[in-house]
Amino acid sequence: MSFRRRSLFRAVAAPAVLSLAGCAAGRFGGRDPFSLGVASGYPRADGVVLWTRLAPEPLAADGSGGMSPEPAAVGWEIAEDAGFTRGVRRGAVRTSARWGHSVHVEVDGLTPARPHWYRFIVDGVASPIGRTRTAPAAGAPVDRLRFAYASCQQFEQGWYTAHRHMAAEDLDLVVFLGDYIYESSWGNLHVRKHEAGEPETLAQYRNRYACYRGDRDLQACHAAFPWVVTWDDHEVDNDYANDRSEQLAPREAFLARRAAAYQAFYEHMPLPAAMRPSGPDMKIYTRFDWGALARMHVLDDRQYRSHQVCARAGRGGSTVVDERCTERLDPALTLLGETQERWLADGFRATPTPWTVIAQQSVMATVQRPDAQGRKRWWTDAWDGYPAARGRLLGALERNRVRNPVVIGGDVHACYVADLLADFEKPRGAVIASEICGTSITSQGPGPAATDAQLAANPHLKFANGTARGYVAMTIMPKLAEAALRVVETVKQPGAAIRTAARFAIEDGRPGPQIATS
Ligand code: FE
Ligand code: CA
């Protein structure tokens with residue numbers, strides 16, 4: 001079947017692409033239709049998603065990217081070598097203004113577990129060449145999975161030097177855990193500015209992505225590896241929960257805003273068609289296996305969550321609460337929603353791989369922050385606002401005897417390494433899983449006074465650093481997982497060097513990360 005489809009594309013598409021080559025000067029007038037770069041994502045054993053979006057004028061005020069309403073024919077090809085001579089598959093797709101002239105090609109029929117190179121062509125203009133990688137075949141023995149994960153890249157607060165360094169690493173995959181864009185301008189010591197104020201409409205969200213995606217370091221990292229992504233709050237609005245905004249906007253108005261933001265997210269990410277949004281709904285949680293070595297669950301803890309409890313009067317969003325907020329313990333509270341929670345527990349059942357990675361947005365361990373009187377307090381936006389839901393997730397891991405669960409996260413602009421306990425009130429109790437929450441790419445984090453106090457108040461926390469900006473590079477091998485906290489010297493000047501600030505290890509069959517200070 002895949003052979004027939006390929007021949008069809010060859011017969012129909014190739015001449016169409018060639019015939020357009022004559023009008024190169026016409027449509028784009030010398031401007032680059034690939035100003036937002038290229039990307040790939042969601043690698044499978046036999047395929048991958050290829051992405052670009054035509055935007056010769058990326059910040060055009062109407063959100064069109066400078067494209068006319070007519071469809072454009074975009075040719076694509078992918079090969080097993082950078083010279084495009086071996087194992088080449090090609091085809092063509094039609095863009096539409098409805099989806100911002102974004103291109104999402106789901107290629108199949110590829111060879112498992114190997115690098116591939118791809119490019120697009122429109123009106124005789126070729127895109128930059130991207131490199132990607134297919135996953136190992138189902139059940140195939142695999143020596144290692146090496147991936148980096150990152151989150152929180154407020155554009156104004158710093159340069160994306162970390163992405164440039166990430167692009168130079170030897171990785172199979174990048175996992176991005178949310179706050180890819182920020183809807184608002186905030187933070188100290190800006191090095192550059194957003195293209196406009198806070199987005200509300202589709203055109204405005206498109207331009208926010210175009211602003212971020214215009215960055216060459218970010219483009220380089222997309223072009224270097226396949227990405228798998230989830231979102232957090234800032235892709236829509238700070239601290240939103242399901243249908244409730246921080247400002248308590250009318251529900252219908254907020255859902256319209258969420259629809260605009262979700263569509264722009266889809267248009268700018270290398271997502272499979274199955275994730276295409278329908279109005280304000282977009283199912284992005286998913287899982288995949290990396291051969292016989294690792295299973296990764298990618299969660300969405302924003303779209304389906306219960307509203308944060310004990311919000312300030314007249315406000316939505318998060319706050320810091322103490323024991324007097326007893327609503328926090330309500331077992332009805334959910335972070336994933338009932339459907340996703342059940343889907344996740346089902347995915348834990350009879351896990352075929354020795355390693356399970358749970359990729360999600362926020363910090364999962366409890367991080368209580370005592371007040372001056374020593375009274376325990378918790379931040380309600382992370383799992384601490386939903387302790388019963390956290391208990392159910394850890395309980396499902398334990399019940400299904402999932403071997404080597406590793407939780408990765410973002411959101412908090414700090415690296416936290418923790419034992420995930422069956423009961424956080426019993427520090428000597430059973431360790432269910434290991435957590436290594438990454439730091440931010442640029443967004444400012446908590447200072448040493450705050451993280452030192454948290455370390456002192458939370459015995460299951462083994463490491464905390466909110467001052468370093470960067471990402472975590474993780475290598476999973478059959479008997480050992482190793483993680484390196486990779487940090488740039490500064491995000492306030494371009495071109496900073498990178499170094500490893502700390503190393504963590506998790507041994508097969510021994511839950512809980514170990515710290516190896518370098
Ligand atoms: Fe953030
Ligand atoms: Ca966040």
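Atoms within each ligand, like the ligands themselves, are counted from 1 in listed order.
Note: Tyr180 and Trp227 have perpendicular aromatic rings, judged against thresholds of 30 and 60 degrees for the angle between ring planes. Relative orientation of the Trp290 and Phe288 rings is perpendicular, given thresholds of 30° and 60° on the angle between their planes.
Taking 3.0 Å as the criterion, Asp239 does not count as a coordinating residue of the Ca ion (ligand 2), since none of its N, O or S atoms falls below it. Among the backbone and side-chain atoms of Ser440, none of the N, O or S atoms lies under 2.8 Å from the Fe ion (ligand 1). Counting backbone and side-chain atoms alike, Asp233 contributes no N/O/S atom closer than 2.8 Å to the Fe ion (ligand 1). Taking 2.8 Å as the threshold, His234 does not count as a candidate ligand of the Fe ion (ligand 1), since none of its N, O or S atoms lies below it. Within the coordination shell of the Ca ion (ligand 2), defined by N, O or S atoms under 3.0 Å, Asp411 is present.
In this structure, OD1 of Asp233 and OD2 of Asp232 enclose an angle of 80° at the Ca ion (ligand 2), rounded to 10°. Seen from the Fe ion (ligand 1), atom SG on Cys152 and atom OH on Tyr182 lie at an angle near 100° (rounded to 10 degrees).
For the Ca ion (ligand 2), the nearest N, O or S atom contributed by Asp179 is named OD2. Asp179 contributes OD2 as its N, O or S atom closest to the Fe ion (ligand 1).
Within the cation-pi definition used here (under 6.0 Å to the ring centroid, within 45° of the axis), Arg287 qualifies as a partner of Trp343. Cation-pi check for Arg216 over Trp159 is not met; the charged atom does not lie both under 6.0 angstrom from the ring centroid and within 45 degrees of its normal. Figure legend: Arg53 and Trp99 shown without cation-pi pairing, the cationic atom not lying both under 6.0 angstrom from the six-membered ring centre and within 45 degrees of its axis. Cation-pi check for Arg251 over Tyr240 is not met; the charged atom does not lie both under 6.0 angstrom from the ring centroid and within 45 degrees of its normal.
Arg486 and Thr500 form a side-chain donor-acceptor contact under 3.5 Å, judged by distance and modelled atom types alone.
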